[in-house]
2 protein chains.
Amino acid sequence: MLPIRKTNKRQLILEEAAKLFKQKGFGGTSMRDLAGEVGIEAASMYNHIKSKDEILELICFRVSSTYISQLAEIEATDASYVEKIKALIRLHIRLMIEDGAAVSVGNHDWKYLREPALTEFKQARKQYEKGFAALIEKGIAAGEFQPVNVSVALFTILSAVRWVELWYRPGRELSAEELEANIITMLLTGLEKK
Amino acid sequence: MLPIRKTNKRQLILEEAAKLFKQKGFGGTSMRDLAGEVGIEAASMYNHIKSKDEILELICFRVSSTYISQLAEIEATDASYVEKIKALIRLHIRLMIEDGAAVSVGNHDWKYLREPALTEFKQARKQYEKGFAALIEKGIAAGEFQPVNVSVALFTILSAVRWVELWYRPGRELSAEELEANIITMLLTGLEKK
């Protein structure tokens with residue numbers, strides 16, 4: 001049973017690390033802080049994980065590979081482009097709500113990755129943005145979307161879902177489902193009543 | 001003529017400071033760096049300005065008071081709510097393009113303000129957001145806007161115009177006018193073709 005317990009401990013370390021990085025920043029978090037949160041001795045942390053750099057890599061690439069694999073799944077469906085973009089918007093909001101600390105690390109602390117991880121992470125992000133942009137472009141070509149500039153459309157969507165982290169607190173006045181529905185209305189239908 | 005020359009020098013100091021703060025961060029910029037950019041002796045900086053804290057205050061409050069006074073002007077017109085929101089979106093994009101370094105300091109480095117300036121700045125921002133939200137609310141009540149959640153609408157708009165700083169480079173593939181028109185289409189009309 002040891003390997004499984006070890007895996008679980010490793011998972012727990014990553015979860016607590018994401019929370020601490022979000023709260024205190026990557027630079028402001030020590031392995032000792034992290035051991036305290038996980039509830040083990042600082043020295044035995046190294047039985048589970050090589051270094052703080054390794055933790056950061058694991059968190060960032062878990063987030064980026066979730067986005068990329070979900071994008072691939074959405075691309076492979078035969079839903080309309082409108083439905084595909086809606087699914088991507090929902091994906092961003094759900095990941096933010098369910099795994100907010102890791103998403104925040106992927107948004108902010110990735111810049112502390114060391115090479116070659118830094119370059120790989122930037123490439124993964126670029127790959128994701130290109131795939132997202134391609135769906136917008138195809139949706140325009142198919143006559144489903146307004147003929148907008150693709151970069152403006154992409155970054156307006158990404159900024160809207162990304163900023164949710166900074167202002168939204170689940171359940172306060174707006175459920176996750178209402179948040180999704182309202183953001184989709186803003187981005188797909190627009191504020192103006194037709 | 002001396003007072004005028006002094007004012008210009010002060011203005012030049014603020015402009016160079018905003019650029020340096022944006023580039024190296026508030027903490028990473030020294031009065032010596034700044035004197036170098038302005039082209040005067042570090043010691044004579046203090047003839048024009050009291051401290052780095054004073055510079056930060058002057059930049060942040062110049063930005064916030066521009067937003068607040070422009071909002072008041074827009075509120076006072078008898079344009080439709082659609083036109084008022086469009087005017088606010090254009091205001092954000094223009095300030096970002098024409099005075100990008102100061103806007104960036106107002107977005108990021110305000111957290112290094114000292115009290116009581118910090119509290120005053122947060123109040124000014126809150127006041128601006130409330131005024132912006134009130135226009136959305138009135139536009140919904142007037143039947144001009146979709147009945148969206150006002151916070152979602154407000155933060156979707158603010159995040160879209162704020163992120164322009166991070167990805168837009170003037171003139172590369174998109175003029176400032178095209179950028180404005182495309183963001184307004186995304187936020188008011190929506191991506192989906194009706």
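Chain naming here is simple, since letters A, B, ... match the order of the sequence lines and numbering starts at 1 in each. Hydrogens, waters and symmetry mates play no part in the numbers below; they use all other heavy atoms, side chains included.
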Using heavy-atom distances under 4.5 Å, tell me whether A:V152 contacts chain B through its side chain, its backbone, both, or neither. both
Within a reach of under 6.0 Å around [atom1] of [X], are more than 12 heavy atoms found that belong to other residues, nucleotides or ligands?
X: A:Y128; atom1: OH; answer: yes
X: B:E41; atom1: CD; answer: no
X: A:K111; atom1: NZ; answer: yes
X: B:Y112; atom1: OH; answer: no

Which distance, rounded to the nearest 0.5 Å, do you find between the CD1 of B:I157 and the CH2 of A:W163? 12.0 Å
Could you list which of residues 178-194 of chain B have a heavy atom closer than 4.5 Å to any heavy atom of chain A, in residue-number order? B:L179, B:N182, B:I183, B:T185, B:M186, B:L187, B:L188, B:T189, B:G190, B:L191, B:E192, B:K193, B:K194
Which atoms form the tightest heavy-atom contact between A:A160 and B:S159, and what is the distance? CA-OG, 3.3 Å
